[in-house]
Amino acid sequence: MAGQEDPVQQEIHQDWPNREYIEIITSNIKKIADFLNSFHMSCRSRLATLNEKLTALERRIEYIEARVTKGETLT
Amino acid sequence: MPLVTRNIEPRHLCRQTLPSVRSELECVTNITLANVIRQLGSLSKYAEDIFGELFTQANTFASRVSSLAERVDRLQVKVTQLDPKEEEVSLQGINTRKAFRSSTIQDQKLFDRNSLPVPVLETYNTCDTPPPLNNLTPYRDDGKEALKFYTDPSYFFDLWKEKMLQDTKDIMKEKRKHRKEKKDNPNRGNVNPRKIKTRKEEWEKMKMGQEFVESKEKLGPSGYPPTLVYQNGSIGCVENVDASSYPPPPQSDSASSPSPSFSEDNLPPPPAEFSYPVDNQRGSGLAGPKRSSVVSPSHPPPAPPLGSPAGPKPGFAPPPAPPPPPPPMIGIPSPPPPVGFGSPGTPPPPSPPSFPPHPDFAAPPPPPPPPATDYPTLPPPPLSQPTGGAPPPPPPPPPPGPPPPPFTGADGQPAVPPPLSDTTKPKSSLPAVSDARSDLLSAIRQGFQLRRVEEQREQEKRDVVGNDVATILSRRIAKASSL
């Protein structure tokens with residue numbers, strides 16, 4: 001019995017560092033995935049605000065152009 | 001159920017059956033490491049997708065910004081040139097100039113198949129496609145796509161569109177009625193003058209103190225809208241609200257109760273219509289193409305659930321067999337009977353023998369030989385008999401003169417005046433007297449024809465002009481507001 005346990009125990013004992021290694025890798029993969037998601041979301045929200053500002057600017061410029069031009073065609 | 005946009009692929013690293021090996025733990029370790037590598041691969045793919053999306057968006061914004069910068073520069077130059085020169089002094093200039101309209105483009109079809117993000121589209125494509133039922137479409141008689149009975153993505157839009165168009169028509173009719181009423185009673189003056197809204201009521205309410213003002217709102221929801229008891233004991237009544245509540249009327253508190261009930265009234269009718277067209281179709285065998293196309297969106301869904309797939313087909317076969325009259329003909333057998341009974345003595349109800357191709361011209365010279373005998377045997381083979389019975393069928397626009405309209409798919413109604421006038425024609429026998437009647441006949445025929453053509457044109461116009469939510473809604477609102 002003791003003989004049986006020893007090699008098995010040894011194997012299990014040797015297995016643990018492998019598992020730890022795999023665990024480190026997988027937790028880092030999860031961190032990367034989290035980072036990508038949050039980066040994506042923050043970029044999208046910032047781009048959306050930019051979009052709003054751009055649209056507002058475009059509308060103002062349209063109005064100003066209409067005020068300023070005297071029937072000339074805008075290129 | 002929320003769908004995940006990007007799913008990293010090998011979800012479970014080591015949930016697999018192991019091959020029979022001696023060192024199992026090492027085996028598991030190796031398998032797990034291999035799966036980790038696969039996960040890294042899919043992760044990098046999604047990362048590339050994410051950055052690509054952001055990149056394209058940022059690029060579009062960059063181009064917009066650059067064009068804006070150009071415009072600003074040009075404007076700057078213009079404005080500096082502008083100042084000291086002449087100004088637009090004239091008043092005419094203000095009026096004749098076209099007013100400034102900002103671009104009123106509305107965003108539409110935002111959540112369309114095209115705007116679906118790529119990873120979700122890939123997930124969608126892993127699903128099975130619907131069965132190729134459209135291969136059966138050429139075998140259908142009513143010209144609808146067979147797949148629409150199985151799955152119709154445009155069903156709700158079509159339903160809504162028809163409802164909107166119906167509402168616009170109703171609005172036009174009301175308009176015409178109003179105009180007529182105004183025309184008819186120009187001298188009547190204002191029978192129902194609108195009540196002059198004064199603030200007196202509000203001040204009266206506040207007279208006793210601000211705390212007592214809620215009495216009006218309390219009475220509303222409690223179900224006594226028509227009467228209001230004011231503080232000093234006088235009784236007033238709430239004005240009635242217009243039935244057309246599409247843009248909600250300004251008196252929102254009193255209108256809130258009638259308008260939801262009105263809109264709910266609108267909704268039940270469409271489901272209630274479902275049973276009607278189905279019965280119609282079952283009863284008449286093959287509903288005429290025009291009739292069913294008008295009812296289209298309400299028609300397809302009830303048919304499958306109400307009948308088993310085998311059901312409708314044997315159901316259709318028997319009705320056509322015994323009384324073959326194709327549906328347009330159903331209307332016609334009924335007019336001839338009254339005609340026949342009404343004038344037994346007059347030379348033959350001319351219609352029976354020749355009605356399928358041209359209901360009006362059996363009168364012609366060869367007194368239809370066995371019209372009387374034809375009549376009882378009418379139902380079975382209407383088509384074969386008339387061709388045998390009246391040899392000069394197609395041709396000779398007979399005496400009556402009016403150009404024979406292509407009256408092949410005659411509906412029930414137009415068939416009634418022609419047979420009647422036909423019976424009178426043989427009496428007076430020939431051309432001379434029947435001129436007025438023939439003019440009337442031709443006018444009637446043209447009138448009916450005109451309406452049909454108009455309807456076709458309207459439908460074509462509708463299909464061509466604007467099949468999207470914004471145009472339909474804007475048309476409806478325009479008509480409603482011009483009332």
Side-chain angles (χ1 to χ4, degrees), chain A residues 4 7-75, chain B residues 5-8 13-14 22-26 28-33 35-37 39-40 42-44 46-51 53-58 60-65 67-72 74-79 81-82 85-88 93 96-103:
Chain A
Q4 259 186 359
V8 174
Q9 239 188 6
Q10 272 181 13
E11 266 194 47
I12 294 178
H13 192 66
Q14 285 164 5
D15 185 53
W16 274 105
N18 294 342
R19 292 197 174 235
E20 194 192 341
Y21 179 60
I22 290 177
E23 183 60 36
I24 292 176
I25 296 182
T26 46
S27 63
N28 283 320
I29 288 182
K30 288 176 194 163
K31 279 191 198 165
I32 295 179
D34 269 343
F35 163 75
L36 276 178
N37 282 337
S38 48
F39 180 75
H40 187 51
M41 283 301 122
S42 82
C43 263
R44 274 180 70 172
S45 72
R46 286 172 201 251
L47 283 173
T49 359
L50 246 192
N51 187 19
E52 271 189 50
K53 291 184 185 170
L54 271 179
T55 345
L57 273 180
E58 278 170 355
R59 287 173 66 113
R60 284 166 68 180
I61 286 197
E62 260 190 61
Y63 173 70
I64 295 178
E65 282 170 350
R67 278 293 293 262
V68 165
T69 60
K70 296 181 187 176
E72 309 148 15
T73 54
L74 283 167
T75 51
Chain B
T5 308
R6 295 176 184 92
N7 222 345
I8 294 189
L13 287 177
C14 41
R22 283 211 62 217
S23 58
E24 291 188 345
L25 291 171
E26 276 192 23
V28 165
T29 313
N30 294 337
I31 289 177
T32 313
L33 284 171
N35 278 335
V36 160
I37 296 180
Q39 277 190 344
L40 281 171
S42 67
L43 184 66
S44 69
Y46 287 139
E48 194 235 354
D49 182 48
I50 287 176
F51 290 120
E53 261 187 52
L54 294 171
F55 181 71
T56 47
Q57 266 198 328
T60 49
F61 291 166
S63 57
R64 276 168 75 181
V65 163
S67 71
L68 261 183
E70 279 181 26
R71 283 163 86 175
V72 166
R74 261 184 261 141
L75 268 180
Q76 208 182 24
V77 166
K78 248 195 193 169
V79 166
Q81 286 176 357
L82 190 58
K85 287 188 183 173
E86 87 279 9
E87 290 183 4
E88 186 83 19
T96 54
R97 280 274 191 87
K98 184 175 156 189
F100 171 71
R101 297 257 176 228
S102 60
S103 65

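A note on names: the letters A, B, ... follow the listed sequences, proteins ahead of strands, and every chain is numbered from 1. Values in this document were obtained by computation on a predicted structure and should not be read as measured data.
If you check the side chains of A:Asn51 and B:Arg64, you find a donor sitting under 3.5 Å from an acceptor.
To the nearest 0.5 Å, the span separating OG on B:Ser23 from CD on A:Gln14 amounts to 10.5 Å. Rounding to the nearest 0.5 Å gives a distance of 6.0 Å between CG of B:Leu54 and NE2 of A:His40. Interatomic distance, CD of B:Gln57 versus SG of A:Cys43, reported as 9.0 Å (0.5 Å rounding). Taking CG from A:Asp15 and CD from B:Glu24, the interatomic distance works out to 11.0 Å, rounded to the nearest 0.5 Å. Here the straight-line distance linking atom CG of A:Asn18 with atom CG of B:Leu25 works out to 9.0 Å at 0.5 Å rounding.
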| message | For A:Leu36 and B:Arg6: C-alpha separation, side-chain torsions, deciding distance, then whether side-chain contact (heavy atoms from CB on, under 4.5 Å) applies. | response | CA-CA 11 Å; A:Leu36 276 178; B:Arg6 295 176 184 92; over 6 Å; no
| said: One pair to check against side-chain contact (heavy atoms from CB on, under 4.5 Å): A:Tyr21 and B:Thr29. What are the steps and the verdict? | reply: CA-CA 10 Å; A:Tyr21 179 60; B:Thr29 313; over 6 Å; no
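Among A:Asn37, A:Ile32, A:Ile22, A:Ile64, the residue with the largest count of heavy-atom pairs under 4.5 Å with chain B is A:Ile22.
For the pair B:Glu26/A:Glu11, no side-chain contact is recorded, criterion being any heavy-atom separation below 4.5 Å from C-beta on. Using a 4.5 Å heavy-atom cutoff, the side chains of B:Phe61 and A:Leu47 are in contact.
For a residue to count as touching a neighbouring chain, one of its non-hydrogen atoms must lie under 4.5 Å from one of that chain's; by this rule A:Arg44 touches chain B with backbone and side chain alike. In this structure, the portion of B:Leu75 lying under 4.5 Å from any heavy atom of chain A is its side chain and not its backbone. Contact annotation for B:Phe51: only side-chain heavy atoms (C-beta onward) come within less than 4.5 Å of a heavy atom of chain A.
Residues from residues 23-31 of chain A that place a non-hydrogen atom less than 4.5 Å from a non-hydrogen atom of chain B comprise A:Ile25, A:Thr26, A:Ile29, given in numerical order.
Residues A:Glu62 and B:Arg71 come closest through the heavy atom pair CG-NH2, 3.5 Å.
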